[in-house]
Amino acid sequence: MRSALHFILNGERIALQDVDPRTTLLDWLRETRRLTGTKEGCNEGDCGACTVTVTRLEGGRPARRPVNACIQLLPMLDGAAVTTVEGISAPDGRLHPAQDAMARLHGSQCGFCTPGFVMALHADYPNGRRGKAGVADAVAGNLCRCTGYGPILA
């Protein structure tokens, strides 16, 4: 059994030793790294508030996928790259297009679910799907109780 775990978090190389294999990515992000943009909603993988992206090589090419951090165990991340909502803006502070659109088009009301929606859109952005149908597919695993989805889809 390996005792070391290596992955990249928002561009930073992470090496962890003797990690409790039951530790979720969500708990580690919020409690250890103090990255609180990733929210805890249902803690069962159903609401999408904890969505982050995980990038791995698939067929020799990087593939970015949305992942529910509340059900992703840390050992499952070995060799991957993890991006949280804190890590998607440009180095000069420019917002990612998903962040920009959510802000400009009033896709957030209370804001609790917003980081999860933004990360689901961030995961799908390289696919080039646009328009309401593409956005609806990208955010199908995310729930919002405030907006009625219209501003998010816009």
Side-chain angles (χ1 to χ4, degrees), residues 1-104 107-108 111-131 134-144 152-153:
M1 177 197 273
R2 289 181 46 190
S3 63
L5 170 64
H6 301 273
F7 62 96
I8 296 170
L9 174 64
N10 294 335
E12 176 188 350
R13 293 184 185 276
I14 302 293
L16 302 176
Q17 297 288 327
D18 302 317
V19 172
D20 181 341
R22 299 168 297 178
T23 304
T24 66
L25 175 58
L26 176 64
D27 288 342
W28 184 80
L29 289 171
R30 292 183 61 82
E31 296 169 11
T32 303
R33 295 302 297 233
R34 301 289 184 228
L35 294 173
T36 57
T38 305
K39 306 299 184 201
E40 180 179 328
C42 68
N43 212 23
E44 295 178 348
D46 290 329
C47 74
C50 65
T51 303
V52 298
T53 59
V54 174
T55 304
R56 297 184 181 281
L57 289 179
E58 293 180 9
R61 299 179 59 167
R64 183 165 58 191
R65 305 270 185 245
V67 170
N68 292 325
C70 70
I71 57 173
Q72 183 79 39
L73 301 175
L74 276 180
M76 298 165 73
L77 298 169
D78 195 40
V82 177
T83 306
T84 68
V85 72
E86 292 91 348
I88 66 170
S89 60
D92 66 1
R94 278 181 297 118
L95 297 177
H96 182 275
Q99 291 171 306
D100 179 63
M102 287 288 276
R104 276 187 306 99
S108 177
F112 188 82
C113 67
T114 304
F117 275 95
V118 165
M119 293 309 295
L121 293 168
H122 173 262
D124 194 62
Y125 193 76
N127 297 328
R129 291 190 294 186
R130 303 295 184 268
V135 171
D137 286 344
V139 300
N142 297 75
L143 301 176
C144 176
I152 294 170
L153 297 178

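Taking the side chain as every heavy atom from C-beta outward, L25 and L74 approach each other to under 4.5 Å. Side-chain contact between W28 and L16: present, with at least one pair of heavy atoms (C-beta onward) separated by less than 4.5 Å. Residues T84 and M119 form no side-chain contact, since every pair of their non-hydrogen atoms from C-beta on lies 4.5 Å or further apart.
Between G116 and T51, the closest heavy-atom pair is O-CB, 3.6 Å. Scanning both residues, Q99 and V118, for their nearest heavy atoms gives CG-CG1, 3.6 Å. Closest approach of G134 and D124 over heavy atoms only: O-OD2, 4.3 Å. Of all heavy-atom pairs between C144 and F117, the closest is CB-CE1, 3.7 Å. The minimum heavy-atom distance between Q17 and A4, with the atom names listed, is NE2-CB, 3.5 Å. A120 approaches A138 most closely through the heavy-atom pair CB-O, 3.6 Å.
Residues satisfying the salt bridge (charged side-chain N to carboxylate O under 4.0 Å, His left out) criterion with R34, sequence neighbours excluded, are absent altogether. With sequence neighbours left out, D18 forms a side-chain contact (heavy atoms from CB on, under 4.5 Å) with S3.
In terms of modelled atom types and a separation under 3.5 Å, the side chain of E40 and the main chain of L26 share no donor-acceptor contact. No side-chain donor-acceptor contact under 3.5 Å links D100 to the backbone of L95.
Note: E86 CD to L29 CG = 8.0 Å, rounded to the nearest 0.5 Å. For the atom pair OG1 (T53) and CG (N10), the distance works out to 8.5 Å, reported to the nearest 0.5 Å. Here the straight-line distance linking atom CG of L143 with atom CZ of F112 works out to 11.5 Å at 0.5 Å rounding. Rounded to the nearest 0.5 Å, atoms CD1 (I8) and CD1 (I14) are 9.5 Å apart. Atoms CG and CG, on L77 and L9 in that order, are 9.5 Å from each other to the nearest 0.5 Å.
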Compile the donor-acceptor pairs under 3.5 Å between side chains in residues 56-71 and protein atoms, sequence neighbours left out, one pair per line.
residue : atom : partner : partner atom : Å
R56     : NH1  : D78     : O            : 3.4
R56     : NH2  : M76     : O            : 2.2
E58     : OE1  : R65     : NH2          : 2.7
R64     : NE   : H122    : O            : 3.3
R64     : NH1  : H122    : NE2          : 3.0
R64     : NH2  : H122    : O            : 3.1
N68     : ND2  : G45     : O            : 2.9

Show your reasoning for whether salt bridge (charged side-chain N to carboxylate O under 4.0 Å, His left out) applies to R33 and E12.
CA-CA 12 Å; R33 295 302 297 233; E12 176 188 350; 2.7 Å; yes
Applying side-chain contact (heavy atoms from CB on, under 4.5 Å), run through I152 and N142 and close with a yes or a no.
CA-CA 11 Å; I152 294 170; N142 297 75; over 6 Å; no
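The number of heavy-atom neighbours closer than 6.0 Å to CZ of R104, taken from other residues, nucleotides and ligands shown, is above 12.
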